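Contents: one structure, followed by commentary.
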Amino acid sequence: MIQLLALALILAGSPAWGQGEQAADGRQDLELCPPPAEMTDEQTVGWILVEQLGTWQRTELVTVMIPGEVSAMSQRDLELLSTFGAVCGAMARYANTEGPGTAEVLEVTFASWLDALGFFSAQLTEDAERVLLTSAAFRAGGALHVHSGRHYLRVTTHDTPRQALPADQYLGARLEVRLPQRPDLPRLLAIFPQSWLSAVTVRYGPSEVLTEEPRPMTLSVTHTLGRARIVVHALQAESERDAREYYTRLLQQAMKSGRAFNITDLGEEAFAAENTDRVTMAIRQDQFVAYIADGTNREDAEAVLRLLGIAVRTSEPLPEVEVDPNYTLPPTIPFFYSRQPEEPVNAP
């Protein structure tokens, strides 16, 4: 309770909380206005959930969120907050000042991009539909879900009239311009072709294949290759030793229900499996492990995993070399040459 009160006082004392800066300095409400870099995560929540969002006015701050103390969230969401390590957040209510309609906005900040992606992708349902925003966004379960960097937004509207631009998308567009600028993609995402990544094709969470502890966090990307639907799973271990352990566990699992054989010249090590109900093919490259586990034919699986293996190798950061500030280049050694006069050519 003391921690909750302290966080509430921080937000209440923030100059961005409820001051309506976009009206004060004349900025248009769709222009980028990220929070100042020196703001803390708690203060950034207040910057995002500003008092005025276009024609919508904030009427109530429901709660300052510390994971595990949000009664307005479902038990499943509370468990997901714990799984992905939520840092802070808040929930607020808004009302439309130019017509009927109310809205609830949830903002949650996570420790990393991938953690926020995990919580975001856990909201996907079979009927989820993509929504056009600058950030990754989809509509599912009667709410708009938005992911950008370390931040997750959920917008739920009530009693709003049907319009060309839905109310949740209207609010989502005005909320996302107030989010911190997105950093570069994490390397685990960057090794995939960017055209494969969308709000409804990417998931991140505990592996569904490696179910024994320790259970690694795994990225899953769904892509249509030709007429076949393929799901690629990839994980980034903390070290090559851990990666070898996860790879070995995949191999042992494949050999329990079928047979597996080594594939040469594919990553540092790779195997294909037959007559198994789980892993079709797997590869290890450096501290990355990627596998396909949905019965995809061998040719397609090998092509995709080879692509990822190359991407891992070519995306390896260059080693940092310490340069001696007192170092000087050795003197240049002069190179002398002489040109011999051309000898006359005697005519025959």
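What you see is a predicted model; the values in this text were computed from it and never measured.
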Just distance, no hydrogens or angles: give the donor-acceptor pairs under 3.5 Å from side chains in residues 129-141, sequence neighbours left out.
| unit_1 | atom_1 | unit_2 | atom_2 | d |
| --- | --- | --- | --- | --- |
| E129 | OE2 | R139 | NH1 | 3.1 |
| S135 | OG | E176 | OE1 | 2.7 |
| S135 | OG | R182 | NH1 | 3.4 |
| R139 | NE | D168 | OD2 | 2.9 |
| R139 | NH2 | D168 | OD1 | 3.0 |

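At a cut-off of 3.5 Å, with distance as the only test, no side-chain donor of R249 or Y247 sits close to an acceptor on the other residue. Side-chain contact annotation: E107 with T109, donor-acceptor N/O pair under 3.5 Å present. A donor and an acceptor atom, one from each side chain of D115 and S112, are located under 3.5 Å apart.
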### Task
Evaluate the side-chain contact (heavy atoms from CB on, under 4.5 Å) criterion for residues F120 and Y204: first the C-alpha distance (whole Å), next the side-chain angles of each, then the deciding distance (0.1 Å), finally the verdict.
CA-CA 9 Å; F120 170 75; Y204 181 77; over 6 Å; no

### Message
Go through it in stages, so that I can follow the logic: the residues are E238 and Q287, the test is side-chain hydrogen bond (donor to acceptor under 3.5 Å, both in side chains), and I'd like the CA-CA distance, side-chain angles, deciding distance and then a yes or no.
### Response
CA-CA 7 Å; E238 293 185 3; Q287 72 270 38; over 6 Å; no

### Task
I would like to know whether R244 and E268 meet side-chain contact (heavy atoms from CB on, under 4.5 Å); could you show each step before the answer?
CA-CA 10 Å; R244 286 193 294 269; E268 293 191 72; over 6 Å; no

### Intermediate values then yes/no, side-chain contact (heavy atoms from CB on, under 4.5 Å), W113 and H147
CA-CA 9 Å; W113 178 310; H147 167 238; 3.4 Å; yes

### Query
Y152 and F119: ring pair (Phe, Tyr, Trp, His ring centres under 6.0 Å), yes or no, with the steps?
CA-CA 8 Å; Y152 165 83; F119 188 86; 4.8 Å; yes

### Message
Determine whether V221 and L219 satisfy the following criterion, side-chain contact (heavy atoms from CB on, under 4.5 Å), listing intermediate values before the conclusion.
### Response
CA-CA 7 Å; V221 178; L219 182 75; 4.1 Å; yes

### Task
Given side-chain hydrogen bond (donor to acceptor under 3.5 Å, both in side chains), test T280 with R298 step by step and report yes or no.
CA-CA 8 Å; T280 302; R298 178 177 172 179; over 6 Å; no

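Smallest separation of non-hydrogen atoms from F261 and R259: CD2-NH1, 4.3 Å. The heavy-atom pair separating S207 from V209 by the smallest distance is OG-N, 3.2 Å. Nearest heavy-atom pair, Y246 versus V289, reported as atom, atom and distance to 0.1 Å: CB-CG2, 4.5 Å. Across all their heavy atoms, L32 and P34 have their closest contact at C-CD, 3.6 Å. Looking at every heavy atom in both residues, G142 comes nearest to T156 through O-CG2, 3.9 Å. For the pair A290 and L305, the tightest heavy-atom approach, listed with the atom from each and the gap, is CB-CD2, 3.8 Å.
Judged by the 6.0 Å and 45° rule, R178 forms a cation-pi pair with W47.
Expressed to the nearest 0.5 Å, how far CZ of R150 lies from CG of L114 amounts to 12.5 Å. Atoms CD and CD, on Q57 and E98 in that order, are 12.0 Å from each other to the nearest 0.5 Å. Considering CG of L175 and CG of L53, their distance stands at 5.0 Å, rounded to 0.5 Å. To the nearest 0.5 Å, atoms CG (L117) and CZ (R203) are separated by 10.5 Å.
Of the possible donor and acceptor atoms, none in the side chain of R187 sits under 3.5 Å from a partner among the backbone N and O of L189. Judged by distance alone, with hydrogens and angles left aside, the side-chain atoms of T160 form no donor-acceptor pair with the main-chain N or O of T157 at under 3.5 Å. Side-chain atoms of S239 come within 3.5 Å of backbone atoms of D242 as a donor-acceptor pair (strictly under, hydrogens ignored). In this structure, the side chain of E299 does not engage the main chain of N297 through any donor-acceptor pair within 3.5 Å. A donor-acceptor distance shorter than 3.5 angstrom exists from the side chain of T97 to the backbone of T55, with no hydrogens or angles considered. Panel note: side chain T314, backbone A311; a donor-acceptor pair is recorded below 3.5 Å. Under a 3.5 Å cut-off, the side chain of Q252 and the backbone N or O of A254 do not form any donor-acceptor pair.
Side-chain heavy atoms closer than 4.5 Å link hydrophobic residues (I, L, V, M, F, W, Y) into clusters, and following such links, even through other members, never connects F288 to I310. Under a hydrophobic-cluster definition in which Ile, Leu, Val, Met, Phe, Trp and Tyr are linked whenever side-chain heavy atoms come within less than 4.5 Å, directly or via other members, V231 and F192 are assigned to different clusters. Hydrophobic clustering places V200 together with L185 (ILVMFWY residues linked when any side-chain heavy atoms are closer than 4.5 Å, directly or through intermediates).
For the pair L81 and F110, the minimum side-chain heavy-atom distance is below 4.5 Å. In this structure, S315 and I191 have side chains that are in contact, with non-hydrogen atoms separated by less than 4.5 Å. When side chains are defined from C-beta on, R229 does not count as touching H223, because their heavy atoms never get closer than 4.5 Å.
Between H233 and Y291, the ring planes are parallel. Angles under 30° get that label, and only those over 60° would be called perpendicular.
Using a 4.0 Å cut-off between charged side-chain N and carboxylate O, E51 and R58 make no salt bridge. Between D265 and R306 there is no salt bridge, since none of the side-chain N atoms of the basic residue sits less than 4.0 Å from a carboxylate O of the acidic one.
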